[in-house]
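Report on the structure given below.
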Amino acid sequence: MRTLIKLTWVEMKLFVREPITMVFTFALPVIFLFVMGGVFGNTPDPDVYRGVGPIDYYVPAYIGLVITSIGVVGLPVHLTSYRERGILRRFRASSISIWSLFGSQVIVSFIIAILGSILITVVAMLTYDAAFPESPGLMIPAFILSIFSFAALGVFLGAILPTTRAAQGLGLILFFVMLILGGAGPPREVMTDALRIVGDIMPLRYVILVLQDPWLGFGWNGSASLIVVGFMAAAIALSLRFFRWE
């Protein structure tokens with residue numbers, strides 16, 4: 001436990017020193033929120049945005065985007081840089097277990113995601129009078145499940161990608177594709193059938209549904225949560241199978 005705590009503290013300090021991760025986690029979701037708010041406002045439309053105001057729709061979606069940035073941009077780059085510089089090899093020589101390594105990454109992901117989510121929510125409420133979550137009690141397990149799923153995906157990408165440059169390149173591609181097609185960009189109602197199909201294979205699509213439904217008062221989305229659990233289980237299994245220290 002002491003090793004996990006120390007490693008988590010070090011990882012937290014290293015995380016805040018990475019400019020690209022900080023930008024994608026804290027700055028971009030807020031910028032997107034202002035863009036969407038400036039274009040669409042927050043007047044409900046029964047034909048789009050699930051019948052709620054655009055900002056009310058996008059706040060939980062951008063919380064999902066914060067989580068996505070950690071999973072596809074932050075964690076893979078961090079882990080591959082550790083492997084390139086031989087840090088993972090030194091961890092192994094120091095008898096630091098794979099569970100301590102992964103556990104510290106998940107804890108840091110939780111902390112950063114909580115801070116990013118608070119920032120998004122406060123900005124939306126102060127600027128656009130966004131609604132408070134209808135079911136805060138359900139938001140807690142939804143948030144935890146979402147974090148675990150993308151943390152597992154991030155560890156998997158970090159396990160299989162050979163270099164930091166590859167992790168950064170693929171991570172940025174995944175981030176923007178998920179942003180546009182996964183539910184955090186244009187509403188599905190204006191997309192073509194082909195774009196909807198692509199969006200339906202994105203894990204962000206289901207993470208957003210898991211977060212949005214309790215936020216908007218639609219209850220717990222059982223089918224979406226099962227899909228998120230499936231993504232998470234597959235990522236964990238593949239991470240354990242392909243992870244290498246050097």
Side-chain angles (χ1 to χ4, degrees), residues 20-42 44-45 48-75 109 112-125 127-128 130-131 133 139 142-143 145-151 153-154 157 170-192 194-216 218 221 224-225 227-228 231-232:
I20 187 169
T21 306
M22 294 293 288
V23 168
F24 275 81
T25 304
F26 295 110
L28 279 184
V30 173
I31 292 172
F32 292 143
L33 182 73
F34 279 121
V35 171
M36 291 300 184
V39 173
F40 299 108
N42 200 26
D45 186 333
V48 293
Y49 295 118
R50 307 184 71 181
V52 303
I55 293 299
D56 293 333
Y57 173 95
Y58 279 120
V59 170
Y62 288 157
I63 290 175
L65 196 63
V66 168
I67 296 171
T68 301
S69 69
I70 296 170
V72 302
V73 178
L75 280 177
S109 298
I112 298 300
I114 289 171
L115 295 177
S117 301
I118 291 174
L119 176 63
I120 285 287
T121 304
V122 170
V123 169
M125 288 181 175
T127 308
Y128 298 105
M139 280 299 300
F143 186 80
L145 176 60
S146 302
I147 285 287
F148 271 119
S149 65
F150 265 98
L153 177 61
L157 293 175
L170 180 61
L172 293 177
I173 291 171
L174 289 174
F175 178 86
F176 284 107
V177 171
M178 289 188 192
L179 162 66
I180 296 171
L181 302 179
R188 287 174 60 83
E189 291 81 5
V190 303
M191 293 184 184
T192 64
L195 292 179
R196 291 180 187 177
I197 292 172
V198 175
D200 285 341
I201 66 175
M202 299 290 171
L204 178 59
R205 162 71 177 155
Y206 303 99
V207 163
I208 287 178
L209 288 175
V210 167
L211 293 168
Q212 267 184 349
D213 279 20
W215 189 286
L216 300 177
F218 299 146
N221 193 318
S225 62
I227 294 174
V228 172
F231 274 115
M232 179 178 64

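Along the sequence shown, residues are numbered consecutively beginning with 1.
Annotation for G71 and L157: closest pair O-CD1, 4.3 Å, computed over non-hydrogen atoms. Nearest heavy atoms, S117 versus I63: OG-CG2, 3.2 Å. A pairwise comparison of heavy atoms in M125 and P133 identifies CE-CD, 4.4 Å as the closest pair. Between V30 and F26, the shortest heavy-atom contact is CG2-O, 3.3 Å. Residues M202 and M178 approach most closely at SD-CG, 3.8 Å, considering heavy atoms. Minimum interatomic distance between A184 and L204 (heavy atoms only, all atoms of both residues): CB-CD2, 4.5 Å.
For residues 58-69, every residue pair satisfying the side chain to side chain donor-acceptor pair (under 3.5 Å) rule, not counting sequence neighbours, is listed here: T25-S69, Y49-Y58.
No donor-acceptor distance shorter than 3.5 angstrom exists from the side chain of Q212 to the backbone of A61, with no hydrogens or angles considered. R205 places no side-chain N or O within 3.5 Å of a backbone atom of G183 that could act as its donor or acceptor partner.
Remark: D213 engages R50 in a salt bridge (charged side-chain N to carboxylate O under 4.0 Å, His left out) (not counting sequence neighbours). With sequence neighbours left out, the side chain to side chain donor-acceptor pair (under 3.5 Å) criterion links N42 to no other residue.
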Exercise for review: Please test F40 against V48 for side chain to side chain contact (heavy atoms under 4.5 Å, CB included), starting from the C-alpha separation and ending with a verdict.
Suggested key: CA-CA 11 Å; F40 299 108; V48 293; over 6 Å; no
Practice item. Determine, stepwise, if the pair F218 / L209 fulfils side chain to side chain contact (heavy atoms under 4.5 Å, CB included). Key: CA-CA 10 Å; F218 299 146; L209 288 175; over 6 Å; no
Practice item. Please test V228 against S146 for side chain to side chain contact (heavy atoms under 4.5 Å, CB included), starting from the C-alpha separation and ending with a verdict. Key: CA-CA 7 Å; V228 172; S146 302; 5.6 Å; no
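Using a 4.5 Å cut-off on side-chain heavy atoms (C-beta onward), T127 and F34 make contact. Contact check for T192 versus L195: side-chain heavy atoms found under the 4.5 Å cut-off. You'll find the side chain of W215 reaches within 4.5 Å of the side chain of T121, heavy atoms only.
Taking CD1 of I55 as the reference point, atom CG of L33 lies at 4.5 Å (rounded to 0.5 Å). If you take CD1 on I120 and CG on L65, they are separated by 8.0 Å, rounding to the nearest 0.5 Å. In this structure, the separation between CZ on F175 and CG on L170 is 13.5 Å, given to the nearest 0.5 Å. Note that CG of L211 and OH of Y206 are 15.0 Å apart. Values are rounded to the nearest 0.5 Å. Expressed to the nearest 0.5 Å, how far CD1 of I67 lies from CZ of F148 amounts to 12.0 Å. Taken to the nearest 0.5 Å, the CG atom of L119 stands 14.0 Å off from the CD1 atom of I114.
Atom OH of Y128 has more than 12 neighbouring heavy atoms from other residues, nucleotides or ligands inside a 6.0 Å radius.
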